[in-house]
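Here is the structure we will look at.
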Amino acid sequence: MAEAEDVKFKVTIDGIPVEVAPGTSILNAARQIGGDIVPPAMCYYSKLEGSGGKCRTCLVKVSKGSEKDPRPMPKLVASCRTTVMDGMEVQNITSPEVVEARKGVVEILLINHPLDCPICDQAGECKLQDLGYEHGSAHTRYEFNRRTFERIDLGDKIQLHMNRCILCYRCVYVANQLTDQRVHGILGRGDHAEISTYIENVIDNDFSGNVIDVCPVGALTDKTFRFKNRVWFTKPVDAHRDCPTCSGKVTLWYKGEEVIRVTARKDEFGEVEEFICNTCRFDQKKTSDWVLEEPTEIDRHSVISANHYELFNPPKVVKENPMLQEQNREQLARTEKLK
C-alpha cells in the first residue's frame, strides 16, 4: 500500500521535468513548476469540485502521450481536464499552435464582453484583462450585435452584470458546494444562456458573497465597494477575527485609514484559500473589528503593487533634502526681485 502511494509520474512541460502523483491534471502539474509556463485558467478552480473545461483558455499540446504510448494527442487538450501519464511531454508557451489557439479563445471570450474597464470595479484584478493584454488581438472579426442584458440586483449586497459574464460557472459551483439552498444558475441555451435567479429571487445566505471572489471578471460585483475606488489606490492588509461562522481570515483593503472592502485571502493563482461569511465581508469594516497581521503579499507585476507598502508605517514619499531646500529659497529670492 505504501509503495502505491509513493508512485510518481514524470512529466515534462515546456522542457521542464516535474514528478507528480497519478491523477494530477496537466494544469496542476504546471502549477507545481510555476512561472510563465502555467496555462491561464478562467473557469477552473481547484477549491470547487467539477470546475474546469468551460473556457478553453488552458489548452496545451501533448507532443508525447507517455512512455508506453509515445504518440502525440491529435488535438489540443484542456490542461485542467487532462490527467498526466508517466513520460508525458507537454508544450504550452513553446508551441506556436497553442499560442495561436489561445488568441482565438480570447477573441471568443471578448465577443460579447463589453470593453467597459474604465468603469468596472474588477479592473486591475481582472483575469480577462490579463488575457486580453497577453493574447488578445487589436481587432475583432465579429460583425453582429452583441448580446445585452439588464443589470440585476441579487440582494442588497451583490449586483449582476450579465453583459460581462463569460459563463465560467464558478459562482454556480460555489453556491452549490457551500450552501444547501442555491437559487441561481444557468437559464437558457446557446447565445441566450445567462446566470440568473428564478423570477429574480434574492440570493440570501451566509456565504453568498463568495460568488464575488470567484468571479474572474466584473460580472458579480460588491455593491458596498461599487465605484468607491480603484484597487491600485488601495492597500491590502491580512487580518483575522474570531468568527463563529467561518475562519475569519481575510484581506482588508484600505484607502487611507478607512476599510473600503473586505475579501477572502487568495493564493498566487487568484483562488480563495478559505471562503468567508457575509458578516466578515460586508458588516465588519472597522479596523477595531480585526487583528491586523501584515501587508498582503502582492505580485510585483500587478498594478496593485504600485501603491503597496511592505510596512504598516511607510516612509515619506518625498525625503527632506537640505541642499534642495536651500536652492529653492535662493530661487524664490531671485523671483521676488523680478516682481
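For the single chain, residues carry numbers from 1 onward in sequence order.
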For [X], look at atom [atom1] and say whether over 12 heavy atoms of other residues, nucleotides or ligands are found less than 6.0 Å away.
X      : atom1 : answer
Tyr133 : OH    : no
Lys223 : NZ    : yes
Glu49  : CD    : no

Between [X] and [Y], is any pair of side-chain heavy atoms under 4.5 Å apart?
X      : Y      : answer
Asp267 : Lys47  : yes
Thr251 : Pro236 : yes
Val84  : Lys10  : no
Cys277 : Cys243 : yes
Ile195 : Ile186 : yes
Glu257 : Thr287 : no
Phe233 : Lys255 : yes
Leu131 : Thr57  : yes

- Message: Who clusters with Met323? Use side-chain heavy atoms, under 4.5 angstrom, across I, L, V, M, F, W and Y, and order the result by chain and number.
- Response: none
Enumerate donor-acceptor pairs with a distance under 3.5 Å from any side-chain N or O in residues 162-175 to protein atoms, sequence neighbours excluded.
unit_1: Asn163; atom_1: OD1; unit_2: Phe149; atom_2: N; d: 2.6
unit_1: Arg164; atom_1: NE; unit_2: Asp116; atom_2: OD2; d: 3.0
unit_1: Arg164; atom_1: NH1; unit_2: Gly218; atom_2: O; d: 2.9
unit_1: Arg164; atom_1: NH2; unit_2: Asp116; atom_2: OD2; d: 3.2
unit_1: Arg170; atom_1: NE; unit_2: Met42; atom_2: O; d: 3.2
unit_1: Arg170; atom_1: NH1; unit_2: Val214; atom_2: O; d: 3.0
unit_1: Arg170; atom_1: NH2; unit_2: Met42; atom_2: O; d: 3.2
unit_1: Arg170; atom_1: NH2; unit_2: Tyr44; atom_2: O; d: 3.1
unit_1: Tyr173; atom_1: OH; unit_2: Gly50; atom_2: O; d: 3.2
unit_1: Tyr173; atom_1: OH; unit_2: Lys54; atom_2: NZ; d: 3.1

Joint cluster assignment, [X] & [Y], ILVMFWY side-chain distance < 4.5 Å:
X      : Y      : answer
Trp232 : Ile260 : yes
Val62  : Phe9   : yes
Phe269 : Val272 : no
Val90  : Leu27  : no
Val60  : Val11  : yes

Taking all atoms of both residues into account, what is the closest heavy-atom pair of [X] and [Y], and its distance?
X      : Y      : answer
Phe207 : Ile276 : CD2-O, 3.4 Å
Glu294 : Val237 : O-CG1, 3.6 Å
Ala30  : Pro39  : CB-CD, 3.7 Å
Ser79  : Ser25  : O-CB, 3.5 Å
Val7   : Pro22  : O-CD, 3.3 Å
Leu59  : Asn92  : O-OD1, 4.2 Å

With a 4.0 Å cut-off, would you call [X] and [Y] a salt bridge?
X      : Y      : value
Glu293 : Arg265 : yes
Asp222 : Lys228 : no
Lys249 : Asp238 : no
Glu134 : Lys103 : no

- Query: Taking only residues two or more places apart in sequence, or in another chain, which ones meet Arg226 in a side-chain contact (heavy atoms from CB on, under 4.5 Å)?
  - Reply: Asp121, Arg151, Gln159, His161, Thr221
- Which residues pass the side-chain contact (heavy atoms from CB on, under 4.5 Å) test with Ile93, sequence neighbours left out? Asp14, Asp36, Ile37
Exactly one of [options] should register a side-chain contact (heavy atoms from CB on, under 4.5 Å) with [X]. Which one does?
X      : options                        : result
Ile158 : Thr224, Asn278, Ile152, Leu220 : Leu220
Lys61  : Glu89, Met73, Glu97            : Glu97
Gln32  : Val38, Ile13, Val20            : Val20
His240 : Val291, Leu292, Val250         : Val291

To the closest 0.5 Å, what do you measure between [atom1] ([X]) and [atom2] ([Y])?
X      : Y      : atom1 : atom2 : value
Thr24  : Met85  : OG1   : CE    : 12.5 Å
Ser302 : Asp130 : OG    : CG    : 8.0 Å
Gln91  : Leu76  : CD    : CG    : 10.0 Å
Thr94  : Ile16  : OG1   : CD1   : 9.5 Å
Glu258 : Asn229 : CD    : CG    : 9.0 Å
Asn210 : Asn205 : CG    : CG    : 9.0 Å

- Query: Do you see a donor-acceptor pair shorter than 3.5 Å between the side chains of Glu271 and Ser46?
  - Reply: yes
- Query: Between Ser305 and Asp299, does any side-chain donor sit less than 3.5 Å from a side-chain acceptor?
  - Reply: no
- Item | Residues which pass ring pair (Phe, Tyr, Trp, His ring centres under 6.0 Å) with Phe144, listed by chain and number, not counting sequence neighbours | Tyr142
- Sorted by chain and number, sequence neighbours left out, side chain to side chain donor-acceptor pair (under 3.5 Å) with Asp283 holds for none
- Stepwise side-chain contact (heavy atoms from CB on, under 4.5 Å) test for Gln129 and Val217: CA-CA 8 Å; Gln129 268 188 330; Val217 292; over 6 Å; no
- Task: Take Trp253 and Lys235 through the test side-chain contact (heavy atoms from CB on, under 4.5 Å) and record every step on the way to the result.
- Result: CA-CA 5 Å; Trp253 298 78; Lys235 298 181 181 125; over 6 Å; no
- Would you sort out whether Cys117 and Cys126 count as a side-chain contact (heavy atoms from CB on, under 4.5 Å), showing the intermediate values? CA-CA 9 Å; Cys117 303; Cys126 176; over 6 Å; no
- Keeping the roles fixed (side chain from Trp290, backbone from Gln284), state whether a donor-acceptor pair exists under 3.5 Å. yes
- Check Lys266, Arg261, Arg230 against Glu125 for a salt bridge (Lys or Arg N to Asp or Glu O under 4.0 Å) and give me the one that passes. Arg261
- Stepwise side-chain contact (heavy atoms from CB on, under 4.5 Å) test for Leu128 and Gln122: CA-CA 10 Å; Leu128 194 54; Gln122 191 79 1; over 6 Å; no
